[in-house]
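Everything on this sheet refers to the single structure shown next.
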Amino acid sequence: MLAYLDRVGLLARTQRRHCSQPRRVVLYIDSLKLGGAERVTLAWAEWLQQAGWQPLVLTRKPESWDFYPMPAGVERVVEHADSPWMRRLGPLAFPFRVLRLQRWLDEQNVGLAIGVTSLPAIKLLFAARLLGVPCVVSERNYPPLKQIGRIWTLLRRLSYPWAALHLVQTRAVGDWMARHLGAHRQLLLPNPVEWPLTCFHPSLAPDAWLASRGCTGSDPMLLAVGTKADQKGFDRLVRWWIPLAQADARLQLVIVGLDERPYHGRDQQAELREVLVDQPELQQRLHFPGHVGNLADWYLRSQVFVLSSRYEGFPNVLLEAMAAGCCCVASDCPQGPADLIQDGVNGRLIPETASDAQWVNL
């Protein structure tokens, strides 16, 4: 990756005459909340800093949203908030937001821009094009299933061919983007796995936390990790867990990452508990520790890690669980799990069309 970015950076230095800091690079993402895209963004920023670049991580959301610690030598920046008149315009203020971002890139003497996830990448492509700054795009999900709205979809089709490079996580995603979005300049870059995982606040000891909920240290545990219940298929997972929990009175289900706060106006934890409305005796065995900074300990505590996703980009949590030595069971959803698991060799890969009974009777 760094070799490719060095080539792109050389293009930037030949295009910008007044660049006194030619290796200044911005990584633009919506926020640094808990999530795989956010974690990878910071890993890239750290790599770039170690390779002699001057990285800035720019987000639209404020630092109060940050979950991960900032790597040493990486500058953290928050985009200027919309003025009242821009907020009144809503989507019609998009050109003004692009111009504001373009001015900021120019003021910062940015020579290379990296847009992470669809919406930041689209906005950054427009702003960087006005300056002649090369822009690299990194989709972090499977575009046909990750809906972004009609207007954003049109803007993506227009802007993605401008990218100097597209970082794609799987060949299937790259092929789709080449066919449908004109994203022909590509580098296949699967997610890295860092092991041992960094431990940071909040650190919750699994046994102590579970003991406070009435569990014992010998209780078997199914583990899932994620922040988006619908994409991760947690409703399906709870449904599959019910007959297993009825057969084993000690079996616990732990879902790490779901916030108590509403997500897009939805209380995800409450919705999952609703799946158990006819099994109230199981309510105390479904657990939501929330955000944890010591995820490695939770992998090691679990008996089975389950990826029940409806779609993925390239699942960091599955990669980490495999590195931790977990027994892993994953849905063969588009895209990513099939790149990691060979069924029956290093885990179980369950067909996307498998019935509830097939999942339960593994």
Side-chain angles (χ1 to χ4, degrees), residues 35-37 39-40 139-146 168-177 186 188-197 220-248 251-257 272 275 286 295-296 298-362:
R39 190 164 42 204
V40 168
E139 278 282 352
R140 307 308 302 174
N141 233 312
Y142 187 47
L145 297 181
K146 177 66 173 179
V168 298
Q169 300 174 97
T170 67
R171 288 186 177 88
V173 169
D175 290 345
W176 188 93
M177 290 177 62
Q186 295 185 5
L188 179 63
L189 188 68
N191 286 346
V193 60
E194 176 191 4
W195 198 264
L197 291 178
M221 181 181 102
L222 300 184
L223 176 67
V225 179
T227 60
K228 303 175 181 69
D230 185 63
Q231 177 191 335
K232 297 297 182 181
F234 290 153
D235 56 315
R236 306 193 300 178
L237 176 57
V238 173
R239 196 169 66 240
W240 300 332
W241 170 70
I242 290 172
L244 299 175
Q246 290 171 333
D248 185 341
L251 183 62
Q252 313 293 320
L253 176 58
V254 176
I255 300 177
V256 172
L272 292 178
V275 180
L286 173 60
L295 197 49
W298 291 84
Y299 289 133
L300 295 174
R301 171 61 178 82
S302 68
Q303 275 62 51
V304 178
F305 175 84
V306 184
L307 185 85
S308 52
S309 299
R310 291 182 167 91
Y311 63 94
E312 283 286 347
F314 194 89
N316 273 25
V317 290
L318 178 59
L319 193 62
E320 292 171 353
M322 294 174 72
C326 291
C327 174
C328 294
V329 180
S331 168
D332 188 12
C333 65
Q335 301 289 334
D339 292 62
L340 295 173
I341 289 183
Q342 185 179 352
D343 187 42
V345 177
N346 61 349
R348 292 303 313 273
L349 190 65
I350 310 304
E352 188 182 6
T353 56
S355 66
D356 288 2
Q358 287 174 294
W359 273 92
V360 171
N361 295 320
L362 281 177

Subject >> 4.5 Å side-chain heavy-atom contact, P315 and P337 >> reply: yes
Original post:
Atom CD of Q169 and atom CG of D339: how far apart are they, to the nearest 0.5 Å?
Top reply: 10.0 Å
Original post:
Which atoms form the tightest heavy-atom contact between C326 and Y299, and what is the distance?
Top reply: SG-O, 3.2 Å
Original post:
Looking only at heavy atoms, which two atoms of P334 and L145 are closest? And how far apart?
Top reply: CG-CD1, 3.6 Å
Original post:
With side chains defined as the heavy atoms from C-beta onward, is the minimum distance between R239 and D356 less than 4.5 Å?
Top reply: yes
Subject >> E352 bridged to R310 by N-O distance under 4.0 Å >> reply: no
Original post:
Can we say D332 and R348 salt-bridge, meaning some charged N sits less than 4.0 Å from an Asp/Glu carboxylate O?
Top reply: no
**OP:** Considering non-hydrogen atoms only, spot the tightest contact between A330 and L318 and give its length.
**Re:** CB-CD2, 4.0 Å
**OP:** Taking all heavy atoms of D235 and all of A229, pick out the closest pair and write down the distance.
**Re:** OD1-O, 4.3 Å
Subject >> Spacing of CD1 belonging to I255 relative to CG belonging to L286, to within rounding of 0.5 Å >> reply: 5.5 Å
Original post:
Between the main-chain N or O of L223 and the side-chain N or O of S302, is there a donor-acceptor pair closer than 3.5 Å?
Top reply: no
Subject >> Nearest-0.5 Å distance that lies between atom CD1 in I350 and atom CG in L362 >> reply: 4.0 Å
Original post:
So do the side chains of V168 and L189 get within less than 4.5 Å of each other, counting heavy atoms only?
Top reply: no
Original post:
Can you name the closest pair of heavy atoms from A323 and V193 and give their distance?
Top reply: CB-CG2, 4.0 Å
Original post:
Taking it one step at a time, do Y311 and N141 satisfy side chain to side chain contact (heavy atoms under 4.5 Å, CB included)?
Top reply: CA-CA 8 Å; Y311 63 94; N141 233 312; 3.3 Å; yes
Original post:
Can a salt bridge be assigned to the pair R140 and E312 using a cut-off of 4.0 Å between side-chain N and carboxylate O?
Top reply: no
Original post:
Are the side chain of Q335 and the backbone N or O of F314 linked by a donor-acceptor pair below 3.5 Å?
Top reply: no
Original post:
Distance from N316 atom CG to N191 atom CG, nearest 0.5 Å?
Top reply: 4.0 Å
Original post:
Considering only heavy atoms from C-beta outward, does the side chain of L307 approach that of V329 to under 4.5 Å?
Top reply: no
Subject >> Backbone N/O of K228 and side chain of Q231: donor-acceptor pair under 3.5 Å >> reply: no
**OP:** Go through the steps to decide whether V225 and L295 satisfy the test side chain to side chain contact (heavy atoms under 4.5 Å, CB included), and finish with yes or no.
**Re:** CA-CA 9 Å; V225 179; L295 197 49; 4.0 Å; yes
**OP:** Check the angle between the aromatic planes of W240 and W359 and answer parallel, tilted or perpendicular using the 30° and 60° thresholds.
**Re:** parallel
Original post:
What's the spacing between W241 CH2 and Q252 CD if we round to 0.5 Å?
Top reply: 7.0 Å
Original post:
Could you walk me through whether F234 and S308 pass the side chain to side chain contact (heavy atoms under 4.5 Å, CB included) check?
Top reply: CA-CA 7 Å; F234 290 153; S308 52; 4.1 Å; yes
Original post:
Would you find a donor on one side and an acceptor on the other, under 3.5 Å apart, between the side chain of D248 and the backbone of L244?
Top reply: no
**OP:** Take M322 and L340, measure what side chain to side chain contact (heavy atoms under 4.5 Å, CB included) needs, and give me the verdict at the end.
**Re:** CA-CA 9 Å; M322 294 174 72; L340 295 173; 4.0 Å; yes
Subject >> Under the side chain to side chain contact (heavy atoms under 4.5 Å, CB included) test, residues paired with Q303 that sit two or more places apart >> reply: P220, M221, R301
Original post:
Measuring from L237:CG to S331:OG, what's the distance to the nearest 0.5 Å?
Top reply: 11.0 Å
**OP:** Grab the two heavy atoms, one from L300 and one from A324, that are nearest each other, plus how far apart they are.
**Re:** CD2-O, 3.7 Å
